[in-house]
Trainee: 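Take this structure first; my questions come after.
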Amino acid sequence: MAAPVHALAVYQALLRNGYSSTQAIGIMANMWYESSLNPEADAMDSNGYRSVGLVQFNGASYPHAGSMVTGNPTADINSQVAYLATIDGPKSKATAGSTPGQVAGNWAYYFERCAACSPSGSYGASASSNGGYNDRVNFASTVASWAQSGNWTVSSGTGGTTGGGGSATGSGTGGGYPAGGSATTTAATTPAPSTGNTCLLSFPVVGCVMPKTLARQLLGGLVIAGAFVIVLVGADLLFKSAGLGGSGGGMGKTAARTGELLALFPPAEAAGVTMSAVGGSVNRTAAHRARGRTAATGERRAATGETNAVTARRRAATGAANATTAQGRAKTYKYRSRTDREVGRSRAKTYRKDSKTRRYAAETGRAREDRLAASRRARPAAAAPKPALATAPERRSRPK
């Protein structure tokens with residue numbers, strides 16, 4: 001026996017995967033006729049393949065669908081709805097419509113395509129047959145009342161093996177009880193709102209959207225949610241101050257999980273749904289901002305790359321100019337070296353010539369001195385000098 005499955009869990013999973021509240025209600029109206037909102041539903045379809053899960057994925061078109069039925073209702077809801085969003089997301093024809101009833105009809109016609117799932121019954125049965133187009137459209141108002149009142153039905157979560165409902169391939173025969181087999185669905189475990197309660201907020205088309213009891217529950221849930229948000233913000237600041245980085249999109253994920261936890265308690269179901277939706281919005285906003293930061297970083301890096309390329313080109317041009325200058329200088333140095341060698345050889349030749357001339361002059365000088373010395377030795381001795389007068393002659397004085 002699997003654990004009970006709240007319809008609220010299916011609703012929250014659809015919101016987390018991008019579907020609007022109107023789309024989620026219309027899709028759930030179809031799921032009710034396909035599987036009684038039981039993610040473990042398993043039935044043999046008319047084409048000989050088994051149809052499983054919330055929308056009765058038929059094995060002929062979805063061979064791996066059986067892997068999304070594991071006996072864990074919560075995990076299976078998340079995996080099946082996430083897969084559903086990849087094949088028929090919030091922007092597909094099947095989810096078009098401004099009211100839950102219109103979405104329910106489009107989903108039945110474009111996605112389920114079971115017998116009698118078109119307005120004219122063109123798939124093989126009358127439009128008024130059990131589980132057909134009109135029934136699904138009309139049942140959307142019942143699912144909408146669950147969302148407005150906060151009193152969600154609860155499935156037993158037991159997978160069945162029988163049932164004659166259609167499948168998500170158009171191969172079903174239709175006309176039977178929803179294809180959930182023994183997946184019985186009990187009445188809501190939370191009491192219906194008292195008729196004596198007055199409505200706090202209502203609209204002409206959808207009626208009362210917020211009774212006073214729901215407002216009180218929502219206020220209480222918001223108080224609890226506020227405490228969780230304060231804890232999350234504090235943890236985020238602590239992480240940042242410790243240099244471990246902020247929680248970023250993780251805060252939105254935590255808020256979404258917290259909303260799911262709150263939704264398990266009947267007085268805080270509406271607050272849990274709101275908090276889960278807010279968490280999903282935070283996740284999408286964080287992802288959008290992260291993509292924006294990534295794009296901005298890419299643009300900055302591209303601009304830096306262009307600047308670096310310009311700088312590299314300038315450096316290459318400067319390097320080419322420097323190379324040309326270096327080649328000119330090398331030629332100059334080579335010319336100067338050759339000139340210096342030639343000047344050196346010329347000076348050495350001159351020095352050798354001057355040395356030879358000096359040696360010749362020195363030898364000539366020594367030979368001249370030798371000749372002079374020999375000439376002096378060959379001369380006769382000189383006569384003796386005459387003696388000087390003994391007395392000097394008397395000097396005559398002139399008459400005055």
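In this text, all values refer to a predicted model and were calculated from it rather than measured experimentally.
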Trainee: Could you list the donor-acceptor pairs under 3.5 angstrom formed between side-chain atoms of residues 325-333 and any protein atom two or more places apart in sequence or on another chain?
Mentor:
residue	atom	partner	partner atom	Å
Thr325	OG1	Ala321	O	3.0
Thr332	OG1	Gly328	O	3.0

Trainee: How long is the gap from CE on Met31 to CE on Met28, to the nearest 0.5 Å?
Mentor: 7.5 Å
Trainee: Specify the closest pair of heavy atoms between Ala29 and Arg136, including all atoms of both residues, with the distance to one decimal.
Mentor: CB-O, 3.5 Å
Trainee: Quick one: list whatever passes ring-ring contact (aromatic ring centres under 6.0 Å, His included) with Tyr11, sequence neighbours left out.
Mentor: Trp152
Trainee: For Pro90, enumerate each residue passing the side chain to side chain contact (heavy atoms under 4.5 Å, CB included) test, keeping only those at least two apart in sequence or located in another chain.
Mentor: Tyr19, Gln23
Trainee: For a quick test of your reading: what N or O donor-acceptor pairs under 3.5 Å do the side chains of residues 339-354 make, sequence neighbours left out?
Mentor:
residue	atom	partner	partner atom	Å
Thr339	OG1	Tyr335	O	2.9
Arg341	NH1	Ser337	OG	2.8
Thr350	OG1	Ser346	O	3.0

Trainee: Measure across Thr95 and Gly89 and return the closest heavy-atom pair with its distance rounded to 0.1 Å.
Mentor: OG1-O, 3.3 Å
Trainee: With sequence neighbours excluded, tell me which residues meet side chain to side chain contact (heavy atoms under 4.5 Å, CB included) with Val137.
Mentor: Tyr133
Trainee: Are Trp32 and Leu15 joined in one hydrophobic group, where the rule is that I, L, V, M, F, W and Y side chains link up if heavy atoms are under 4.5 Å apart?
Mentor: yes
Trainee: With sequence neighbours excluded, tell me which residues meet side chain to side chain contact (heavy atoms under 4.5 Å, CB included) with Ser355.
Mentor: Arg358, Arg359
Trainee: OH of Tyr62 to CD of Gln56: how many Å apart, nearest 0.5 Å?
Mentor: 12.5 Å
Trainee: Treating Ile, Leu, Val, Met, Phe, Trp and Tyr as nodes and any side-chain heavy-atom pair under 4.5 angstrom as an edge, say whether Val103 and Phe111 lie in one connected cluster.
Mentor: no
Trainee: Tell me whether Tyr49 shares a hydrophobic cluster with Tyr83, the cluster being built from Ile, Leu, Val, Met, Phe, Trp, Tyr side chains joined at under 4.5 Å.
Mentor: no
